[in-house]
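The next block holds one structure in the form of structure tokens; read it before the comments.
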2 protein chains.
Amino acid sequence: MIDDIDLEILNIIQNNGKIANAELARRLGMAPSGVLERVKKLEKDGVIVGYEVRLDPKAVGLALTIFMHLKTADAVGCTAIGREVAKIDGIQEVHWIAGEYNYLIKARVNSTDGLTALMKSIGAIPGVQDSRTTLVLGTLKEEQRLDTAFAETKQNQKKLKKDT
Amino acid sequence: MIDDIDLEILNIIQNNGKIANAELARRLGMAPSGVLERVKKLEKDGVIVGYEVRLDPKAVGLALTIFMHLKTADAVGCTAIGREVAKIDGIQEVHWIAGEYNYLIKARVNSTDGLTALMKSIGAIPGVQDSRTTLVLGTLKEEQRLDTAFAETKQNQKKLKKDT
DNA sequence: ACTGAAAGAAGCGTTGC
DNA sequence: GCAACGCTTCTTTCAGT
């Protein structure tokens, strides 16, 4: 179970994924070895999934962000076609969703040419029946950071109980 | 301008944001100082926006991912209300989009309780007129990684010209 | 679970090409 | 713009509590 020290670690590293363990320890007022132990545990337990770099999409020629709703022939509760779609390059996210369409995908392309290519790739997958593309005109916020206010620590559980 | 060595650096660090500069240099067959210089330049030029940690949302009690389309009173070409929405905790992305709705947002909440709170926060912003919420049942793919195949290097420009 | 020490590795500035 | 050197700092292990 995650405790408040873990939570503080997660909050700090979410702001700076490249912070040195020694610096992290300094901020927590702990020995580096103890902090390292906790971080390793968070990695092992799958709380920390990975360390990533955010690039400016425009700087690498991917100026267009698009969302696409897909309707597929997947049986109720089945995501086989979605997993095929997920294999396509340029697609960053594939979410299985509730509603008229079964998938919502996010992709980055260079321009309308890339979008055309993407649509051809998706259309080539058997069982894809319909799509609705949404063009992103501008992105006002885009972050990975999770608000850990609701993390399941013993302390938070108590707090939440108190509030109700 | 980004060259092919830069591109290789970006590809490697996208797979491992925490790789040591020395290890990166080893893979490229270069001296660490030269590689560091390039990485610093990529950071300074804004190609590398930041280093992030990906957490498992469920592990910190944010089991629900939702997308929400918003219709606002923003004038054509204006995003003032969207920027207000972006300030709300729990909202990870706010995209200004083309179409019937003007914004698409992505958020993480703990459960329907969190969703209720989120909707109240959004509804409290003046000018928000309509919303359509999409519940994510499952996420098949979710990555930050950009496919740099279309990066604007001189070499790629040549290649692209050749292809047409 | 955390501390503290210690060896090895990496970061990062300087120098020279 | 890249390589080599060297001092500083960080990482990581291990014994101890």
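By convention in this document, chain letters (A, B, ...) are assigned in the order of the sequence lines, proteins followed by strands, and residues within each chain are numbered from 1. For clarity, every value in this text was computed on a predicted model and none was experimentally measured.
Note on A:E23 versus A:R26: salt bridge recorded, some NZ/NE/NH1/NH2 to OD/OE distance being below 4.0 Å. Salt bridge B:E100/B:R132: absent, no basic N to carboxylate O contact under 4.0 Å.
Applying the ring pair (Phe, Tyr, Trp, His ring centres under 6.0 Å) rule to pairs touching residues 14-36 of chain A yields nothing, sequence neighbours excluded. Listed by first then second residue, pairs satisfying ring pair (Phe, Tyr, Trp, His ring centres under 6.0 Å) with a partner in residues 67-87 of chain A read A:F67-B:H95, A:H69-A:Y101, A:H69-B:H69, not counting sequence neighbours.
Among the candidates B:K18, B:R54, B:R145, B:Q14, the single residue satisfying the side-chain hydrogen bond (donor to acceptor under 3.5 Å, both in side chains) test with A:E52 is B:R54.
Note: CG (B:L42) to C1' (D:dG1) measures 14 Å, nearest angstrom. The NZ atom of B:K40 sits 16 Å away from the P atom of D:dG1 (whole-angstrom rounding). Atom CG of A:D4 is separated from atom P of C:dA1 by 15 Å (rounded to the nearest Å). Distance, B:I19 CD1 to D:dT11 C1': 16 Å, rounded to whole Å. Distance CG (B:L36) to P (D:dC2): 12 Å, rounded to an integer number of Å. Computed from coordinates, the B:K18 NZ to C:dA10 P distance equals 15 Å when rounded to whole Å. Whole-Å rounding puts the A:K44 NZ to C:dA1 P distance at 11 Å. Atom C1' of nucleotide C:dC12 and atom CD of B:E23 are separated by 18 Å, given to the nearest angstrom.
Under the rule for a salt bridge (Lys or Arg N to Asp or Glu O under 4.0 Å), the partners of A:K41 that lie at least two apart in sequence or sit in another chain are A:D45.
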With the criterion being N/O to N/O and under 3.5 Å, what pairs connect the protein with nucleotides 2-5 of chain C, and how long is each?
residue : atom : partner : partner atom : Å
C:dC2   : OP1  : A:R38   : NE           : 3.0
C:dC2   : OP1  : A:R38   : NH2          : 2.4
C:dC2   : OP2  : A:R38   : NE           : 3.1
C:dT3   : OP2  : A:A31   : N            : 2.8
C:dG4   : O6   : A:S33   : OG           : 2.7

Collect all protein-nucleotide pairs involving nucleotides 15-17 of chain D in which both atoms are nitrogen or oxygen and the distance is under 3.5 Å.
none

Side-chain donor-acceptor contacts of residues 116-125 of chain A below 3.5 Å, not counting sequence neighbours, with atom names and distances?
residue : atom : partner : partner atom : Å
A:T116  : OG1  : A:T112  : O            : 2.8
A:S121  : OG   : A:A117  : O            : 3.0

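Between the CD atom of B:E93 and the CG atom of A:L140 there is a distance of 11.5 Å, given to the nearest 0.5 Å. Atom CD1 of A:I81 and atom CG of A:D74 lie 4.0 Å apart (nearest 0.5 Å).
Contact annotation: B:R26 does not reach the phosphate of C:dA9 (side-chain N/O to OP1 or OP2, under 4.0 Å).
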